[in-house]
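This structure is a prediction, so every number in the text was calculated from the model and none was measured. For the numbers below, each heavy atom of this structure counts, side chains included, while hydrogens, waters and symmetry mates do not.
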Amino acid sequence: VMSWDLWNEVDLVENYDTQAVAAWHQEMAKYLKATDPWKHIIQTHICLFWSFGNELWTLPEMEVVQSDAYWDNKKDGRSDMGMLQSYSGKVNPGNNFEALFKKPFVFIEYGPKTAEMRGLKPGDWRNRFRVGLWTSAVMPTAASSMFWYPQEWEQYKLYRYQKPLQKLFAGYDRRG
């Protein structure tokens with residue numbers, strides 16, 4: 001067991017209440033800290049990073065910030081990827097999310113927004129996969145992201161685009 005992940009996409013619950021959600025997370029995390037003899041990492045998962053989360057990420061009991069990165073093809077900078085670029089630029093010149101929350105940060109999954117999937121051509125899938133793959137690999141985050149669409153990964157042979165990244169980081173210890 002690497003960590004206790006208290007919730008998956010907690011912000012997608014009906015009638016999300018920031019104060020109630022934060023209080024519940026704090027109570028559960030304190031309980032786990034008091035009872036877990038192995039002191040596992042405690043975290044939770046927000047889907048819509050740009051809409052919710054600060055009420056959780058500022059809790060000292062939440063030790064890792066994790067969210068998703070789903071984006072559409074908007075050119076107006078309002079897509080998740082556009083938000084990511086503008087948000088990370090506000091953190092510091094190194095685009096370091098850890099500086100924002102004072103704890104490790106990771107996008108755990110990425111891909112195009114579900115509502116846009118039907119209109120995507122094979123080239124769109126390849127582009128989206130590669131952008132997310134390389135973005136998560138070179139950003140100063142705690143881990144790289146996982147592409148959320150395994151059927152399309154196989155169908156469009158997207159795994160072949162992982163080879164250059166594997167080659168680049170072969171023998172490189174990223175834990176430092």
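- A salt bridge does not link K39 with E63: every distance from a Lys NZ or Arg NE/NH1/NH2 to an Asp or Glu carboxylate oxygen is 4.0 Å or more.
- Not a single donor-acceptor pair under 3.5 Å links the side chain of Y149 to the backbone N or O of W125.
- One side chain, T44 or H25, offers a donor N or O that lies under 3.5 Å from an acceptor on the other.
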Margin query: Could you go through F129 and E152, starting from their C-alpha distance and side-chain angles, then the distance that decides it, and tell me whether this counts as side chain to side chain contact (heavy atoms under 4.5 Å, CB included)?
Written below: CA-CA 10 Å; F129 176 75; E152 289 77 5; over 6 Å; no
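- Both M62 and W24 belong to a single network of hydrophobic side chains, linked directly or stepwise wherever heavy atoms of I, L, V, M, F, W or Y lie under 4.5 Å apart.
- In this structure, S136 contributes its side chain and S145 its backbone to a donor-acceptor pair below 3.5 Å.
- Residues meeting the side-chain hydrogen bond (donor to acceptor under 3.5 Å, both in side chains) test with Y159, sequence neighbours left out: none.
- Annotation: W7, atom CH2; neighbour count of heavy atoms from other residues, nucleotides and ligands within 6.0 Å does not exceed 12.
- Side chain of S67 to backbone of F107: no donor-acceptor contact under 3.5 angstrom is found.
- Just one residue in the list Q43, M28, H40 forms a side-chain contact (heavy atoms from CB on, under 4.5 Å) with W4, and that residue is H40.
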Checklist line | ring-ring contact (aromatic ring centres under 6.0 Å, His included) assessment of Y110 paired with F147 | finding: CA-CA 5 Å; Y110 75 93; F147 189 65; 5.3 Å; yes
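- Using a distance-only test at 3.5 Å, with no hydrogens or angles considered, a donor-acceptor pair links the side chain of D17 to the main chain of Q19.
- Summarising the local packing, OH of Y31 is surrounded by 12 or fewer heavy atoms from other residues, nucleotides or ligands at distances under 6.0 Å.
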Next item on the list: Determine, step by step, whether H45 and D11 satisfy the side chain to side chain donor-acceptor pair (under 3.5 Å) criterion, reporting the C-alpha distance in whole Å, the side-chain angles of both residues, the deciding distance to 0.1 Å, and the verdict.
Entry: CA-CA 8 Å; H45 176 197; D11 54 319; over 6 Å; no
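- A continuous path of ILVMFWY side-chain contacts below 4.5 Å connects V65 to L6, so both sit in one hydrophobic cluster.
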